Amino acid sequence: MILPKLHQAGKEALQNIWRFKTRHLASLAVVILAFLSVGLFLALANNLRARAVEYGRDAAVVFYLRPDLPASESDLVAQQIRSAPLVAGARLVDAEEARRRFLARFPDLEPIVESLGRNPFPASVETTLRNPAAPSAEVQSFIAEVRRNPAVEDAVFNREGADRIRALGRLAEAVGLAFGGLLVLASVVIISGVVRLNIIARRDEVEILRLVGATNAFIRGPFLLEGAILGVLGSLAALALVALAGRFFPAAAGGALGPLGEIIGFRALTAAQAALLVAAGAAAGLFGSASSLARLLKI
Amino acid sequence: MIELVHVWKQYRPPAWALSDVSLTVKRGELCYITGPSGSGKTSLLKLLYRETLPTLGQVRVGDADILRLPGAKLHLLRRTMGVVFQDFRLVPRRRVFDNVAVALQVLGTPAKELRRKVFIALRMVGLHHRIWDYPDALSSGEQQRVAIARAVVNNPRLLLADEPTGNLDPDLAAEIMHLFEEINRQGTTVIICTHDRTLIRLTPGRVFALHEGKLKGKRPG
């Protein structure tokens, strides 16, 4: 009993979408735009979060050594750091390796580095912590203790950088949800308008349906489905575009961004995020349709 | 089957569309509501399919008290009746088949049974060969016959017709009246609103004459 009615409602909804394809295409474009912006910001936030985890996993604290320090003393400092209970590992990076790393990353700057006549990069000890999420006070006291060694010139606590990137990810997510939310609201209004036009165009049919004893659900079903289909199609298309952006953005624009390319990028949405986006599309469509039905089809 | 007790209907004061109308129609009857334009025929019919409610009085259709019938159960009343209009009210975008099938689709009739019933209804009105045509391709008489097929496809207990021959020439009108007679012979109560007295002579039935909203006379068929 329910299946034939559902089948009928689905058929009606698809026929309607096809019959008024121009207006449906226009509303679909708005839905896609709305969910594309939400999707892109989420993908950007995913990338930032992943980078933050990577940076957090990398050298958590880097101790820079005095430039004139003999190699034997550098080894001693590295050993002292390794022996600390907080430390999982410590790797000595000599001045030459530091120089090589810099030039690999910024090859354009090689002439400037060469023109200095000496290696400007200090040796360092890259330290990873046993517990990357250890309380800051504990880590800071460990850093202070190491810095008391006159061989150590400076220390950089990288977790702060990772935390900043993570915060940037949260910001991107919030901006995406706020901006995308506004666009989703706009798509609800557009869907509502389209469904409203369809109800007016099909008033004669609605009248007949009422006369032959159709229930409210039977009359409203196709219109509701119409909105839901638009929402789902729009969000699915947006998901596909986000996936394409994730795949082709690094090749198309990654180079132009230089070192920023590492953090400005799109990482695939998780299954839960994708499902949520499609569900939000369906909900936006249903809500848009329902608002028109409430105004125009008081049965 | 149908009972109106002291029914009054007013759309806008001070005029009354119906004034103290009382009548009874038995199950299986064929009867006419006649009167000039504006006499209240359509208002009376609208009360029967509950398109409107009486201002005063009681209306009973089958087991349903129209005034007390909740909106959520209106569809159940409508499923027991078929309604035919002067302007046919077919959906031009849909084929003859779909126009008739809609009355079964609302009941959730399975596809196979639906096709069979639609074909039987269209054969009854002599239009089974036009099943895949659009209404625009049919003559006025044929369009009205499709509307009748839609009204009777789910075997209603009651058939209401509001000036069903108003847009047809006399020969086509006679054809349509014979159809109503045939439907009535199969047990359906038929109520026809018309201002055309020649039709009543063609297909006899009880007559309720309305004038300015008042029931002026009842004549046995």
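Keep in mind it's a predicted model, so treat the numbers as computed, not measured. Each chain gets a letter, A, B and so on, in the order the sequences are listed, and its residues count up from 1. Values below: every heavy atom of this structure, side chains too, minus hydrogens, waters and symmetry copies.
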Enquirer: Using non-hydrogen atoms and a 4.5 Å limit, figure out which bit of B:R50 sits close to chain A: side chain, backbone, both or neither.
Expert: neither

Enquirer: Which atom pairs, one a donor and one an acceptor, fall under 3.5 Å between side chains of residues 57-69 of chain B and the rest of the protein, sequence neighbours left out?
Expert:
| unit_1 | atom_1 | unit_2 | atom_2 | d |
| --- | --- | --- | --- | --- |
| B:R60 | NH2 | B:D63 | O | 3.0 |
| B:D65 | OD1 | B:L67 | N | 3.2 |

Enquirer: Is the count of non-hydrogen atoms from other residues, nucleotides or ligands lying under 6.0 Å from A:F287 atom CZ greater than 12?
Expert: no

Enquirer: What distance do A:R210 atom CZ and B:Y49 atom OH have between them, rounded to the nearest 0.5 Å?
Expert: 10.0 Å

Enquirer: Indicate yes or no: at least one non-hydrogen side-chain atom of B:H75 is less than 4.5 angstrom from one of A:F218.
Expert: no

Enquirer: Measure A:R202 against the heavy atoms of chain B and call it side chain, backbone, both or neither at under 4.5 Å.
Expert: both

Enquirer: Does anything in residues 10-17 of chain A reach chain B? List residues with heavy atoms under 4.5 Å apart, or say none.
Expert: A:E12, A:Q15

Enquirer: Taking C-beta and beyond as the side chain, do A:L209 and B:V106 meet within less than 4.5 Å on heavy atoms?
Expert: yes

Enquirer: Could you look at B:V102 and say if it's the side chain, the backbone, both or neither that has a heavy atom under 4.5 Å from chain A?
Expert: both

Enquirer: At their closest point, which heavy atom of B:R79 faces which heavy atom of A:V212, and how far apart are they?
Expert: CG-O, 3.9 Å

Enquirer: What is the distance from atom CG of B:L74 to atom OG1 of A:T215, rounded to the nearest 0.5 Å?
Expert: 11.5 Å

Enquirer: Looking at B:K73, I want to see if its NZ is surrounded by more than 12 non-hydrogen atoms of other residues, nucleotides or ligands under 6.0 Å.
Expert: no

Enquirer: Do the non-hydrogen side-chain atoms of A:E205 and B:R89 ever get within less than 4.5 Å of each other?
Expert: no

Enquirer: Does atom NE2 (B:H128) have a neighbourhood of more than 12 heavy atoms from anything else shown, all under 6.0 Å?
Expert: yes

Enquirer: Please flag which part of A:A217 lies under 4.5 Å from any non-hydrogen atom of chain B: side chain, backbone, both or neither.
Expert: neither

Enquirer: Carefully, step by step, assess A:D204 and B:R93 under the rule salt bridge (charged side-chain N to carboxylate O under 4.0 Å, His left out).
Expert: CA-CA 11 Å; A:D204 54 347; B:R93 297 177 295 279; 3.3 Å; yes

Enquirer: Rounded to the nearest 0.5 Å, how far does CG of A:L211 lie from CZ of B:F85?
Expert: 4.5 Å

